[in-house]
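Throughout, protein chains are lettered first and strands after them, A, B, ... in sequence-line order, and every chain is numbered starting at 1.
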Protein chains: 2
Amino acid sequence: MDLRHLRYFIAVAEEENIGRAAARLHISQPPLTRQIQQLEEELGVRLFTRTPRGMELTQAGELFLEEARNIRSVVEQATERTQRAGQGKLGRLDIAIFGSGILGIIPRLLLAFRTAYPEVKIVLHTMTKAEQIEALRQRRITLGFNRMLAPLPDLATELVATEQLLVAINESHPLAREESVSFPMLAEHPMVLFPTGARPNFIDKVMRLCEEAGFVPQVSQEVGDAVTGVALVAGGFGICLVPESVTALTLPGVVFRPLHDTPPNCRIDLSCLYRADDQSPILTEFLETVRAFHGAHVAGHSPGIQTETVWDAGI
Amino acid sequence: MDLRHLRYFIAVAEEENIGRAAARLHISQPPLTRQIQQLEEELGVRLFTRTPRGMELTQAGELFLEEARNIRSVVEQATERTQRAGQGKLGRLDIAIFGSGILGIIPRLLLAFRTAYPEVKIVLHTMTKAEQIEALRQRRITLGFNRMLAPLPDLATELVATEQLLVAINESHPLAREESVSFPMLAEHPMVLFPTGARPNFIDKVMRLCEEAGFVPQVSQEVGDAVTGVALVAGGFGICLVPESVTALTLPGVVFRPLHDTPPNCRIDLSCLYRADDQSPILTEFLETVRAFHGAHVAGHSPGIQTETVWDAGI
DNA sequence: GCAACACAATACCTTGAAGGTATGGAGGTT
DNA sequence: AACCTCCATACCTTCAAGGTATTGTGTTGC
């Protein structure tokens with residue numbers, strides 16, 4: 001049996017006349033007669049009674065008509081769903097984020113994608129950079145968000161945003177009195193660094209910037225992520241350099257101050273990481289969203305807009 | 001798209017290798033390659049990624065695999081159900097019964113059929129003989145139970161059972177004292193007759209029998225059906241001749257007495273009526289059941305068995 | 001009652017697509 | 001570098017779907 005048989009059967013059942021049904025199907029009458037005979041023979045069931053006025057469904061034929069219509073609609077839905085899946089509009093996207101990645105820009109990006117592709121189920125996984133690379137290689141995730149990415153042969157990156165660096169300072173700290181701080185002012189103040197883990201990382205960036213400013217930072221503590229770092233600032237462990245998205249985290253007693261006279265490289269990239277060989281349409285659509293979002297973000301947040309922001313985390 | 005495409009797709013998806021899938025399908029590799037390409041092209045969706053190790057499903061392919069398996073099982077179920085319908089094992093049977101037909105043998109027959117063909121839905125309609133004939137012609141019913149059927153050109157009959165005639169008597173009536181009665185004893189006693197309606201009917205039969213016994217009955221009342229007739233006997237309207245199946249109806253004050261020295265034609269047929277041109281397998285199977293039932297009934301209830309029965313309706 | 005009609009079935013031919021054989025080409029392995 | 005394992009392509013064969021012409025069988029209309 002064939003989908004053609006079903007199409008023909010439905011036409012004959014509806015027209016109750018082989019000639020008219022053949023016209024509707026744009027074929028001639030004899031082949032249609034044969035196809036119907038074939039179908040009946042294959043099922044071993046008489047579907048029609050032949051009358052001088054045409055073809056009349058038997059009871060078994062009535063039942064088969066319902067079934068045939070049902071099959072047709074199931075097939076239609078299947079192709080339609082598969083096509084949407086092929087266009088990246090239906091399916092599942094496994095994304096890795098890092099510890100404090102849930103702050104700032106990523107949620108807005110995910111929301112934008114979810115709005116554009118409501119039938120794609122986004123599954124979030126919290127992973128370190130090394131875990132992300134491993135999971136991408138094993139195809140357990142499709143994409144990871146990270147910072148400070150060294151080029152890798154089989155993985156590609158897409159820049160999501162570049163963020164300004166801020167200093168997280170305890171409100172009782174002398175530097176908290178400044179509207180903004182400069183790099184040399186950070187010398188001599190004990191500093192919390194993050195994250196521990198695979199190099200190169202944010203710590204290397206901070207060390208290099210301090211070096212360029214002519215001093216070696218006093219490291220009071222190294223921690224795993226930005227959230228812990230800011231918590232230690234709240235606890236009086238020292239100051240901590242953080243990307244601006246961390247200001248989404250409000251902890252009592254912590255204020256954030258911008259860095260003035262910053263060198264041009266005193267910004268930190270947020271990128272996403274994916275398999276260079278991944279052709280999946282959902283990934284393609286997601287990267288498209290990332291690019292659009294990045295463009296809008298750069299355009300919308302032109303130089304100076306950050307001065308509007310209140311850096312104090314408040315209570 | 002074709003059911004063949006689905007079969008081939010499932011094989012390739014399961015084997016993850018065109019060569020092995022082709023072997024499983026008993027075709028060679030190149031046509032299978034082409035069929036898969038065709039399917040992808042028709043859907044406009046890449047279902048597989050070609051790797052050096054074989055064929056790997058894309059996300060859209062995974063979804064289509066589920067859909068394809070689903071379609072396959074829907075098609076299988078449809079053919080299976082249609083085949084059962086074609087064998088008369090699945091479907092609907094519209095049967096007409098007459099007023100008091102629900103008494104006696106018909107329920108047992110219906111129960112036997114229902115047990116043998118549990119998936120055939122029996123729908124009962126109460127109709128007079130004339131209504132049955134009309135409904136059969138319009139195909140609103142497939143079969144009707146009736147008595148006293150005159151042969152009709154387009155309708156066929158099948159004998160279900162022949163029943164003895166009994167006399168329903170009010171317990172205070174003089175005849176109630178007899179163990180059994182003979183036809184001449186009925187003369188002079190007012191008699192209730194049924195049914196009014198299309199001739200020939202049971203009334204004609206009773207009139208003829210009385211005539212053969214040498215008297216003309218005193219008709220006290222004509223009513224529509226046996227139930228009403230027996231109710232009038234209970235009310236003292238007179239005696240009433242009924243087929244034995246009416247004894248299933250117990251009314252206070254009514255006793256039933258057999259007729260002894262009855263002529264051989266003093267029995268009444270219960271037949272079923274159906275379209276002579278009806279080829280429906282369900283009807284065929286039902287008639288088969290009727291014949292088996294009739295045979296067993298005749299064999300099981302050999303002469304004399306009725307003497308065991310208590311004719312008093314009791315309270 | 002005969003002719004005309006309407007419908008499905010049959011006979012025979014044509015064509016297109018599925019299937020087969022042989023071979024190419026790309027990526028990985030020994 | 002040679003070989004192996006895949007899938008893809010080229011080209012041929014065959015079978016079945018589709019077309020045309022015709023038959024056969026009931027029904028309708030004059």
Looking at B:Arg137 and B:Glu134, does any basic side-chain N land under 4.0 Å from a carboxylate oxygen?
no
Give, for atom CG of B:Leu155 and atom CG of B:Asn146, the distance between the pair rounded to the nearest 0.5 Å.
11.5 Å
Quick one: do A:Ile133 and A:Leu152 satisfy side chain to side chain contact (heavy atoms under 4.5 Å, CB included)? Show the steps, please.
CA-CA 9 Å; A:Ile133 291 168; A:Leu152 287 159; 3.7 Å; yes
When you measure from the side chain of B:Arg275 to the backbone of B:Leu136, do you find a donor-acceptor pair of N or O atoms at a distance under 3.5 Å?
yes
Which whole-number value in Å describes the distance from B:Glu15 CD to D:dC7 P?
11 Å
Base, sugar-phosphate alone, or nothing: which one does A:Tyr8 contact when heavy atoms must sit under 4.0 Å apart?
sugar-phosphate
If you check the B:Pro52 side chain, which of C:dG19, D:dG26, C:dG27 turns out closest?
C:dG27
What integer distance in Å separates A:Arg4:CZ from D:dA16:C1'?
9 Å
Judged by nearest nucleotide, the residue sitting upstream toward the 5' end of DNA chain C, B:His5 or A:Gln29, is A:Gln29
Would the distance check show the side chain of A:Gln132 and the main-chain N or O of A:Phe145 forming a donor-acceptor pair, the cut-off being under 3.5 Å?
yes
Give the rounded distance in Å between these two atoms: CZ of B:Arg7 and C1' of C:dG19.
13 Å
Find which nucleotide of DNA chain D each of A:His26 and B:Gly54 is nearest to by heavy atoms, and output the residue with the more 5' nucleotide.
B:Gly54
Can you check the B:Met1 CE to C:dA18 P distance for me, whole Å?
14 Å
Phosphate oxygens OP1/OP2 of C:dC7: is one of them under 4.0 Å from a side-chain N or O of A:Asn17?
yes
Rounded to the Å, how far apart are A:Leu32 CG and C:dC7 P?
14 Å
Does B:Gln35 place a side-chain N or O at less than 4.0 Å from the phosphate oxygens OP1/OP2 of C:dA18?
yes
Between D:dA17 (P) and A:Ile36 (CD1): distance, integer Å
13 Å
Which nucleotide sits closest to the side chain of A:Arg20: C:dT21, C:dC7, D:dT9?
C:dC7
Whole Å only: how far is the CZ atom of B:Arg53 from the P atom of D:dC7?
12 Å
Taking 4.0 angstrom as the limit, do B:Arg140 and B:Glu131 come out as a salt bridge?
no
Enumerate the residues from residues 37-46 of chain B whose closest heavy atom to DNA chain D is under 4.0 Å, giving them by residue number; use none for an empty result.
B:Gln37
From the candidates D:dC7, D:dG19, D:dA10, the one with an atom nearest any side-chain atom of B:Pro30 is D:dA10
Report yes if at least one side-chain N or O of B:Arg50 is closer than 4.0 Å to OP1 or OP2 of D:dC6; otherwise report no.
no
Between B:Gln37 and B:Glu41, does any side-chain donor sit less than 3.5 Å from a side-chain acceptor?
no
Starting at atom CD1 of B:Ile27, determine the distance to atom P of D:dC15, rounded to an integer number of angstrom.
16 Å
For C:dA9, take OP1 and OP2 only and decide whether either is under 4.0 Å from a side-chain N or O of A:Arg34.
no
Distance-only, no hydrogens or angles: does the A:Thr162 side chain make a donor-acceptor pair with backbone N or O of A:Asp269 under 3.5 Å?
no
